[in-house]
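We name chains A, B, ... by the order of the sequence lines, and we start the count at 1 in each one.
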Amino acid sequence: MTEIIAADFYNREVVTVARDLLGLRLVRRWQGQRLSGVIIETEAYRGEDDLACHAHRGQTKRNAVMYGPPGHAYIYFTYGMHWCLNCVTGPAGYPAAVLIRALLPVEGLEQIAAHRAGVKPALWCAGPARLTRALAIDGALNGCDLTSPPGDLWIESAALPATAEIVTGPRVGINYAPEPWRSMEWNFKLVEVHP
DNA sequence: CGCCCGATGTGCT
DNA sequence: GCACATCGGGCGT
């Protein structure tokens with residue numbers, strides 16, 4: 001029994017949404033088939049005050065989707081070659097989003113393997129840019145609505161394994177940010193998951 | 001294993 | 001110019 005996660009789920013405090021996304025299933029419809037994985041790592045970026053958030057210098061063409069309504073995909077390009085996927089949260093006008101950092105691949109393993117040729121299976125979706133490549137997610141999907149089917153990208157409910165445990169920690173790759181932002185424990189991981 | 005570094009576009013200083 | 005919410009290859013241990 002699965003349901004597409006609706007907009008009111010995303011229209012909440014970004015840190016809460018980041019934690020609650022753990023254990024849900026990210027689904028990509030690609031060439032008529034489902035590619036999916038359980039979300040096992042997320043990170044919250046919270047408003048213009050958060051100096052690690054892309055919105056910290058105000059709205060630009062690049063981060064505009066973050067200022068839009070909740071439940072949409074903010075997908076940005078970085079380091080000249082990588083795409084990263086975020087879910088916009090909170091009310092329109094308030095820039096906040098959850099970065100999806102890792103998945104446990106579940107469906108479409110053959111296609112995922114093809115997208116990640118030469119990579120060990122354990123690393124297929126272990127990292128924000130790795131998972132977008134595995135599920136064929138790029139800038140063409142930036143701004144798309146994750147909540148209104150039929151779409152090409154959405155998140156579904158899923159049963160949380162009884163053995164799963166949530167581990168919090170500081171966000172990854174933002175050492176340039178000053179305190180207190182650098183140390184905010186807005187990274188969430190699900191450990192001991194067995195799908 | 002771990003560390004170093006190159007790839008390579010975009011937005012900001 | 002430079003920094004960046006990154007990754008993967010190369011080489012040393």
Report the distance from atom [atom1] of [X] to atom [atom2] of [N], rounded to the nearest whole Å.
{"X": "M66(A)", "N": "dA5(C)", "atom1": "CE", "atom2": "C1'", "value": "10 Å"}
{"X": "W124(A)", "N": "dC7(C)", "atom1": "CH2", "atom2": "P", "value": "17 Å"}
{"X": "N142(A)", "N": "dA5(C)", "atom1": "CG", "atom2": "P", "value": "16 Å"}
{"X": "D138(A)", "N": "dC7(C)", "atom1": "CG", "atom2": "P", "value": "16 Å"}
{"X": "L123(A)", "N": "dG9(C)", "atom1": "CG", "atom2": "P", "value": "11 Å"}
{"X": "W181(A)", "N": "dA5(C)", "atom1": "CH2", "atom2": "P", "value": "16 Å"}
{"X": "Y176(A)", "N": "dT13(B)", "atom1": "OH", "atom2": "C1'", "value": "15 Å"}
{"X": "K120(A)", "N": "dG9(C)", "atom1": "NZ", "atom2": "P", "value": "12 Å"}

Look at the side chain of Y76(A) against the base of dA5(C) and say whether a donor-acceptor pair falls under 3.5 Å; ignore hydrogens and angles.
yes
Indicate, with a heavy-atom threshold strictly under 4.0 Å, whether [X] touches base, sugar-phosphate, or nothing.
{"X": "R101(A)", "value": "sugar-phosphate"}
{"X": "N86(A)", "value": "base"}
{"X": "R133(A)", "value": "nothing"}
{"X": "Y45(A)", "value": "base"}
{"X": "I174(A)", "value": "sugar-phosphate"}
{"X": "A52(A)", "value": "base"}

Where DNA chain C forms stems, i.e. three or more consecutive Watson-Crick or G-U pairs with both distances under 3.5 Å
B:1-7 with C:6-12, B:9-12 with C:1-4
State the CD-CZ distance between Q111(A) and R34(A), to the nearest 0.5 angstrom.
15.0 Å
L146(A) CG to N86(A) CG distance, which is reported to the nearest 0.5 Å
10.5 Å
Looking at dG8(C), I'd like to know if its phosphate oxygens (OP1 or OP2) sit under 4.0 Å from a side-chain N or O belonging to R116(A).
yes
Reading nucleotides 4-11 of chain B 5' to 3', which nucleotides get B (base under 4.0 Å from a protein heavy atom), which S (sugar-phosphate only), which -?
---BBB-S
Does the side chain of [Y] come within less than 4.5 Å of [X]'s, by heavy atoms?
{"X": "N11(A)", "Y": "V17(A)", "answer": "no"}
{"X": "H115(A)", "Y": "L35(A)", "answer": "yes"}
{"X": "V106(A)", "Y": "R25(A)", "answer": "yes"}
{"X": "N175(A)", "Y": "R182(A)", "answer": "yes"}
{"X": "I174(A)", "Y": "Y45(A)", "answer": "yes"}

Select one nucleotide: of dC7(C), dG8(C), dA5(C), the one nearest the side-chain heavy atoms of V119(A).
dG8(C)
Whichever of L131(A) and A177(A) has its nearest DNA chain C nucleotide further upstream toward 5'
A177(A)
Do E43(A) and R171(A) meet the salt-bridge criterion of a basic N to acidic O distance under 4.0 Å?
no
Can you confirm whether more than 12 heavy atoms, excluding those of E110(A), are under 6.0 Å from its CD atom?
no
Determine the interplanar angle of the H54(A) and Y74(A) rings, folded into 0 to 90°, and report it as parallel if under 30°, tilted if 30 to 60°, perpendicular if over 60°.
perpendicular
